[in-house]
2 protein chains.
Amino acid sequence: MAQGAPGPGGGESLLFLTDEQLRKGIEAMFFAYRGFTADPDRILEDLDYGRAHHRAMHFIHRSPGTTVNNLLSILGVTKQSLNRVLRTLIEDGLVESRIGRVDKRERHLYLTPKGTELERTLSDAQRARMRAAYRSAGPAAVQGFRQVLEAMMDPELRRQYQTLKEGGA
Amino acid sequence: MAQGAPGPGGGESLLFLTDEQLRKGIEAMFFAYRGFTADPDRILEDLDYGRAHHRAMHFIHRSPGTTVNNLLSILGVTKQSLNRVLRTLIEDGLVESRIGRVDKRERHLYLTPKGTELERTLSDAQRARMRAAYRSAGPAAVQGFRQVLEAMMDPELRRQYQTLKEGGA
DNA sequence: CTTGGAAAGTCAACAAGGCTGACATAAAAT
DNA sequence: ATTTTATGTCAGCCTTGTTGACTTTCCAAG
């Protein structure tokens with residue numbers, strides 16, 4: 001399927017949809033994701049935290065007061081898995097869990113000042129790389145980057161992403 | 001840093017470098033990567049393999065006869081970690097390991113017909129999603145996508161990626 | 001030719017962070 | 001009063017990383 005050169009009747013250059021081009025895109029995702037996580041990972045390994053802690057803090061920072069259930073659906077892990085991470089963050093005083101006022105079953109999550117500080121250190125590192133990449137590629141490339149990524153998401157995740165996107169904009 | 005609106009003297013719109021824009025890019029990477037791996041993961045979970053097996057098969061398919069050491073540097077894991085994956089693939093007859101003719105310490109890796117078949121099933125699934133994303137975003141967006149990803153890689157990984165890229169082109 | 005180090009690969013044991021299942025509690029909804 | 005929902009916890013499993021110790025092979029210096 002779409003292996004070799006496209007037939008001469010291919011219309012307006014569908015060359016970018018060849019298996020070869022797609023494979024390059026796949027490999028680009030693989031290598032880029034390593035870079036994407038490399039800087040926070042380096043910082044985290046000195047502390048006793050992992051990537052899972054970073055993700056939790058990122059989204060709590062992003063939506064302060066979010067509930068456990070909400071976070072669960074964003075992160076796409078089981079509550080047991082998230083709970084392990086959350087427990088250590090709470091014990092270490094990076095995250096605060098407040099019982100809901102209207103629905104007392106819910107726990108609303110907030111970063112403490114200490115948690116905010118670590119989150120900031122981690123995202124500064126991650127943003128620095130992203131900023132350098134954006135700057136070197138330019139605004140038009142960035143727009144294309146975002147378009148392709150968005151099209152690559154599962155529909156449900158795309159909705160989650162867009163909800164977050166609007167909230168912050 | 002670069003938090004709020006940029007000053008009026010910002011030149012030609014550096015709005016795409018605000019922390020807010022960068023954060024959207026970070027979240028887009030996070031959600032898109034989930035989609036990126038979702039289809040092969042679904043196939044793999046029925047068999048007894050994981051994402052690590054997929055990665056190994058991908059790059060063996062890509063560079064038949066590659067050595068373990070070579071694969072190691074591409075995948076960025078320890079040889080012990082790779083070895084476990086490789087061992088099961090060899091036991092199950094998906095990968096063949098041939099002792100090097102010139103240097104007998106080296107093992108050259110090849111996919112067997114059975115391995116080629118599974119690799120194809122997995123990459124077909126992954127390419128299908130990538131193709132849909134590419135098609136919906138269009139060739140200009142794809143170019144930008146690749147530019148940003150490439151800029152995001154660690155320099156060493158970028159070299160690896162480019163070497164692979166040329167080899168296949 | 002021998003010997004010592006480097007390189008490639010393998011085996012064993014451990015850790016992080018996913019997962020499932022079972023169960024407890026409190027609050028809300030019916 | 002009963003059921004459902006939100007959360008938390010314990011136990012145990014799996015994948016895939018890690019480090020350490022070891023073997024085999026190669027090569028180069030003596």
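As the structure is a prediction and not an experimental result, all values here were calculated from the model. Protein chains get the first letters and strands the later ones, always in sequence-line order, with residue 1 at the start of each.
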All pairs passing salt bridge (Lys or Arg N to Asp or Glu O under 4.0 Å) where residues 33-42 of chain A contributes a residue, at least two apart: A:D39-A:R42, A:D39-A:R129, A:D41-A:R51
Would you mind telling me which residue lines up with the more 5' stretch of DNA chain C, A:V85 or A:D103, judged by nearest nucleotide? A:V85
A:V68 or A:R105: which one's nearest nucleotide on DNA chain D is closer to the 5' end? A:R105
Considering only distance and modelled atom types, tabulate donor-acceptor pairs under 3.5 Å from the side chains of residues 141-150 of chain A, sequence neighbours left out.
{"unit_1": "A:R146", "atom_1": "NE", "unit_2": "A:Y161", "atom_2": "OH", "d": "3.1"}
{"unit_1": "A:R146", "atom_1": "NH1", "unit_2": "B:Q21", "atom_2": "OE1", "d": "3.3"}
{"unit_1": "A:E150", "atom_1": "OE2", "unit_2": "A:Q162", "atom_2": "NE2", "d": "2.8"}

Distance in Å, B:D92 CG paired with B:D48 CG, rounded so as to fall on 0.5 Å steps: 8.5 Å
Donor-acceptor contact below 3.5 Å, side chain A:Q126 vs main chain A:T37: no
For DNA chain D, which residues of residues 70-82 of chain B approach it to below 4.0 angstrom with any heavy atom? B:V77, B:T78, B:Q80, B:S81
Could you give the start and end, 5' to 3', of the contact zone on DNA chain D for chain B, using atoms under 4.0 Å from its heavy atoms? D:dT16 to D:dC26
Is it the case that over 12 heavy atoms from other parts of the model lie below 6.0 angstrom from the CD atom of A:Q80? yes
Given side chains that start at C-beta, do those of A:L47 and A:L118 come closer than 4.5 Å, heavy atoms only? yes
Heavy-atom contact window of chain B on DNA chain C, given 5' to 3' at under 4.0 Å: C:dA6 to C:dA12
Among the clusters formed by ILVMFWY side chains lying less than 4.5 Å apart, do B:Y110 and B:L75 turn up in the same one? no
So, does B:T67 use its side chain to make a donor-acceptor pair with the main chain of B:R107 at under 3.5 Å? no
Would A:R120 and A:E117 count as a salt bridge (Lys or Arg N to Asp or Glu O under 4.0 Å) here? Give the steps. CA-CA 5 Å; A:R120 173 140 193 97; A:E117 193 190 323; over 6 Å; no
Which of residues 38-58 of chain B sit near DNA chain C, with a heavy atom under 4.0 Å from it? none
Touch class at under 4.0 angstrom, heavy-atom based, for B:R87 against every strand present: sugar-phosphate
Please determine whether a side-chain nitrogen of the Lys or Arg among A:R23 and A:E27 lies less than 4.0 Å from a carboxylate oxygen of the Asp or Glu. yes
Please check if the side chain of B:D154 supplies one atom and the backbone of B:E156 the other of a donor-acceptor pair under 3.5 Å. no
Atom CG of B:D46: over 12 foreign heavy atoms under 6.0 Å: yes
Take the angle between the ring planes of B:H58 and B:H54 and call it parallel below 30°, perpendicular above 60°, tilted in between. perpendicular
